[in-house]
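Encoded as structure tokens, the structure appears first; notes follow it.
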There are 2 protein chains.
Amino acid sequence: MNAFDAQTRPLKRMSLHEELAQKVAELIVGGELEPGSKVPEKELCEAFGVSRTPLREALKVLANDRLISLEPNRGAWVTPITPADVEDIYPVMGVLEGLAGELACARLSDAGIAQIRALHTEMEGQYAARDRAGFIKTNQKIHEAILVGARNETLSAQFQSLAIRVRQARYAAPVSDERWALAFAEHEQMIMCLEARDGAGLARVLRTHLDHKAETVLDWLDQKSS
Amino acid sequence: MNAFDAQTRPLKRMSLHEELAQKVAELIVGGELEPGSKVPEKELCEAFGVSRTPLREALKVLANDRLISLEPNRGAWVTPITPADVEDIYPVMGVLEGLAGELACARLSDAGIAQIRALHTEMEGQYAARDRAGFIKTNQKIHEAILVGARNETLSAQFQSLAIRVRQARYAAPVSDERWALAFAEHEQMIMCLEARDGAGLARVLRTHLDHKAETVLDWLDQKSS
DNA sequence: GCCCGTAATACATAATGCAAAATTAAATAT
DNA sequence: ATATTTAATTTTGCATTATGTATTACGGGC
């Protein structure tokens, strides 16, 4: 308890293995480490300038999150995402984000909702301008805002840990014009529910929104394998 | 793909750190390691007859699951469960088990549902006989059966990782007669929904069921702290 | 000539060692 | 007597080293 308490955060510098876990996760979702490929322990050690111990600790937690799989005495491999995984993961993300929507409807301030509306308006423009990259980015921000608005750390953590697993696929999957239109229409509904503070409605929309996203990703996985 | 595929599983023996993580988790949920207390690295190494490296790897994954928290240069501590945690966790478990209910309704065979009905009947007897311990055990089996019936590994994993965090509190919290009666009534509804294959209804019941459980745990935490 | 068994190599895993940080205990000053 | 500083001990975190396991290459038997 000192005079700087207000300014100073507990300053939780990340421990080495946490930092490494994050970095390696970035490599995986970023595509630098391809699904199904081996995680080059030695190279990574050299690249990050650390010894094997902290890196291996990081790999253990990544394995726990199913981002990589550790085959005993064979090393670590980037777990490829299968259609079965997508079919399992998206419904779970659906109910989680549904809950987030419910909570956000109840807990978000009017100003908070207005902010999301602003993001939606921005996205509207990007849709009209056919700015796919911008659209995706703003889209992401809206979902993020809802998750934060739910004010539930456990919920956020669980959702993120699933989101990261499908992230590469999520972004890689091409979105057809029809699907894009559908996604936008669903976002319209989301905003309406949010402004009406209709939690149940928002939850419903978010679930189907994710169901549709799952379909997109599944289509892509199917055609990629064939 | 060989002739023994039906009998042979990939034979995934656990690596040392996995086994240790499980053992330490058991110590925590079993109450041998009290919430808020320090995780005695050295003692555990000696107790399990392993060196520090694999144990510390295990601690990293337990920390990732929020079962313990690693304070840099201060060691590992069993994270105590707070009312805020319960308020965060139970709603999430609620939607997860709700989804499990929906999926189970759709995917469970008639025989599977009959099995759960049998468990319910068994529990009915235990309720009438005021066999609290037996009731809890059968109760657990029913919820487990629903989760398995959902046939969604991701869902199961996510649910279990949350359940383990509240497990000590869950079992320690005393259940009043009224709450017990309520829980039983809710189970009656669950069975009815399940046999009618009313997924949405089952989901609803399961969510409120967990909401009530959360209240029980919260009451206990509140009175314990005072 | 092909398949199986054995040796060699490479690699993952676990144990130990060491330096740095924190906790404690003690001693001095207020 | 209490508070603060300093010294000693313990503990932590990372690197190094050693051990065990799996894969590959090679030679002998069928």
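A note on names: the letters A, B, ... follow the listed sequences, proteins ahead of strands, and every chain is numbered from 1.
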> So, are B:D85 and B:R66 salt-bridged, with charged N and O less than 4.0 Å apart?
Replying inline: no

>> Under 4.0 Å between a side-chain nitrogen and a carboxylate oxygen: does that hold for A:E87 and B:R107?
In response: no

Nucleotide [N], atom [atom2] - distance to [atom1] of [X] in whole Å:
| X | N | atom1 | atom2 | value |
| --- | --- | --- | --- | --- |
| B:E57 | D:dA15 | CD | C1' | 14 Å |
| A:R56 | C:dA12 | CZ | P | 8 Å |
| B:E71 | D:dT12 | CD | P | 12 Å |
| B:E41 | C:dA15 | CD | P | 13 Å |
| A:N73 | D:dT23 | CG | P | 9 Å |
| B:R52 | D:dC14 | CZ | P | 11 Å |
| A:H17 | D:dT12 | NE2 | C1' | 13 Å |
| B:K42 | D:dT10 | NZ | P | 9 Å |

Would you indicate, yes or no, if [N] has its OP1 or OP2 atom less than 4.0 angstrom from a side-chain nitrogen or oxygen of [X]?
| X | N | answer |
| --- | --- | --- |
| B:K38 | D:dT12 | yes |
| A:T53 | D:dC14 | no |
| B:S51 | C:dA14 | no |

> Closest heavy-atom contact between B:D88 and A:R151?
Replying inline: OD1-O, 4.1 Å

> Between B:T138 and B:E122, what is the shortest heavy-atom contact and its length?
Replying inline: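 So the two residues come closest at OG1-OE2, 3.7 Å.
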
> Would you call the rings of B:H209 and B:H187 parallel, tilted or perpendicular, where under 30° means parallel and over 60° means perpendicular?
Replying inline: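 Ring orientation of B:H209 relative to B:H187: perpendicular.
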
> What nucleotide among C:dA14, D:dA15, D:dG13 has an atom nearest to a side-chain atom of B:P54?
Replying inline: C:dA14

>> When you measure only distances, ignoring hydrogens and angles, does the side chain of B:R74 come within 3.5 Å of the base of D:dG13 through a donor and an acceptor?
In response: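 In this structure, the two groups form no donor-acceptor pair.
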
>> Any base atoms under 4.0 Å from B:K60, or only sugar-phosphate, or nothing? Heavy atoms, all strands.
In response: nothing

